[in-house]
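Everything below concerns the one structure shown next.
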There are 2 protein chains.
Amino acid sequence: METTATVREQILDHAITLMMLHGYNGFSYRDLSELVGVKTSSIHYYFPSKEDLALEAVNEYSKQIFALLGSVDASLPADAKLAKYTKLFGRVLGDGDQICLCGMLAADIGSLPDTVRAAVQAFFKANESWLAKVLAQGVKERTLAVNGRPENAARTLFAAYQGSALASRLFQTKARLDEVETSWKVSKQV
Amino acid sequence: METTATVREQILDHAITLMMLHGYNGFSYRDLSELVGVKTSSIHYYFPSKEDLALEAVNEYSKQIFALLGSVDASLPADAKLAKYTKLFGRVLGDGDQICLCGMLAADIGSLPDTVRAAVQAFFKANESWLAKVLAQGVKERTLAVNGRPENAARTLFAAYQGSALASRLFQTKARLDEVETSWKVSKQV
DNA sequence: GTCTATAGGGGGATAGAC
DNA sequence: GTCTATCCCCCTATAGAC
């Protein structure tokens, strides 16, 4: 049982959540201060600048997501893997008021340094390459509908997940994420 | 030749651009003041609160986009209409540092009042229903690849455009928008 | 309509005591 | 490591002169 999180970990976790809710420019050290229960100067002790904090948030977030992706059973059929991915992406969205941290920071990229841009790019690429493998497998198994090369389709698919996360929150319904999955599954045609 | 724009119009146009670059929380009345050449208090004369400004920006932006959508020749084949849409979406992105205003505000929705949320929702729905008609036409003509009902596929397609706009700016390449179109076009299979 | 002036608060960040 | 105190600037918004 892990009931003890260091102050640093608490700051980072809350920073991730706050950015998923309100974006980089929509939260402050004061917000964190109140959530964690330490003064803002203590937060600067761990994360000298807000940009440092954003960068470490992306790295921590990526680490967590990649761990989940890595835990998906490699022997599953492609459509089952895609279903896992949809669920994973949905769980990240929390109660419906959050979007993917890296989708949010991609929106805020105009306010962020290149270090953060590179980290967000890496997150995108990793997800896209994971999805590309699943799509390639789905083509072989004839369970997923892929137009063109799997690499290209995977970029579009990941974009669709990110866009659907935006729409899910905007309309307060998670159904839109499931529709993405449906759009790539081979159907008997309605 | 229209060389005269009212101060109000200039404010609104710059507000749209600034929000497409940096989001709702990433620009200020001072930024606008410097761009337009009037004091911030004059901006408050036209737009009492920043939320008012955001709402009118969405309305103006929507009006412009809907006018462009309406100008697409109804007699075109579906795949040609989709190509027009891709171009239109790409032109909105400007030099590659902007994303769709309503995509951006969907990311910032946690900081915005319900009036703005409703306006952004209306923008999403209008685009989705326009795309749904194109997809339905494409199914008949056998030029577009649609899985499931056109309405569902259209929501996924629009999400893919929004997500690809994010990625286009993140990676500084517009190729990603074209890939969306490719993913819905019936191909001879590579 | 546009300005000056200002209110009143929030922002990130730092110095230095403990 | 955490605090108090503070700096300095930016923020939205308003009052009132012109």
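Just so it is clear, the structure is predicted and the values come from calculations on it, not from any experiment. First the proteins, then the strands, lettered A, B, ... as listed; each starts at 1.
Looking at heavy-atom distances under 4.0 Å, A:F47 makes no contact with the nucleic acid at all. Nucleic acid contact class of B:S28 (heavy atoms, under 4.0 Å, all strands): sugar-phosphate only. Using a 4.0 Å heavy-atom criterion, one finds that B:Y45 contacts the bases of the nucleic acid, with or without backbone contacts as well.
Cation-pi check for B:K39 over B:Y45 is not met; the charged atom does not lie both under 6.0 angstrom from the ring centroid and within 45 degrees of its normal. A cation-pi contact, defined as under 6.0 Å to the ring centre and within 45° of the axis, links A:K50 to A:F27.
Using bins of under 30°, 30° to 60° and over 60° for the plane-to-plane angle, the ring pair A:F171/B:F124 lands in the perpendicular bin. A perpendicular orientation is assigned to the rings of A:F158 and A:F89, their planes being inclined by more than 60° (bins at 30° and 60°).
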_Run A:F47 and A:L12 through side chain to side chain contact (heavy atoms under 4.5 Å, CB included) and show every step you take._
CA-CA 9 Å; A:F47 307 97; A:L12 209 45; 3.9 Å; yes
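Summarising the geometry, the separation between CD1 on B:I43 and C1' on C:dC3 is reported as 13 Å, rounded to the nearest angstrom. The OH atom of B:Y29 sits 15 Å away from the C1' atom of D:dC10 (whole-angstrom rounding). One can place CZ of B:R8 at 12 Å from P of C:dT2, the figure rounded to the nearest angstrom. Computed from coordinates, the A:Y46 OH to C:dG12 C1' distance equals 19 Å when rounded to whole Å. Protein atom CD1 of A:I11 is 12 Å distant from nucleotide atom P of D:dG1, rounded to whole Å. Atom CD of A:E34 is separated from atom C1' of C:dG10 by 11 Å (rounded to the nearest Å). Separating the NZ atom of A:K50 from the P atom of C:dT14 is a distance of 15 Å, rounded to the nearest angstrom.
For A:V38, counting side-chain heavy atoms from C-beta on, the closest listed nucleotide (D:dC3, C:dG10, C:dG12) is D:dC3. Counting only heavy atoms from C-beta on, A:S41 has its side chain closest to D:dC3 among D:dT2, D:dC3, D:dT12. Closest approach to the A:H44 side chain among D:dC3, C:dG12, C:dG11 is made by C:dG12 (side chain taken as heavy atoms from C-beta onward). Relative to the side chain of B:T40, the nucleotides D:dA13, D:dT4, C:dT2 differ in distance, and D:dA13 lies closest.
Mapping A:P48 and A:R30 onto DNA chain C by nearest heavy atom places A:R30 closer to the 5' end of the strand.
In terms of phosphate contacts, A:S42 brings a side-chain nitrogen or oxygen within less than 4.0 Å of OP1 or OP2 of D:dC3. Look at A:K39 and you won't find any side-chain N or O under 4.0 angstrom from OP1 or OP2 of D:dT2.
At its two ends the helix from C:dG1-D:dC18 to C:dC18-D:dG1 runs along axes set 0° apart, each axis drawn from five pairs and the angle rounded to 10°.
A donor atom on one side chain and an acceptor atom on the other are found under 3.5 Å apart for B:S49 and B:D52.
Residues meeting the side chain to side chain contact (heavy atoms under 4.5 Å, CB included) test with B:D73, sequence neighbours left out: B:S75, B:L76.
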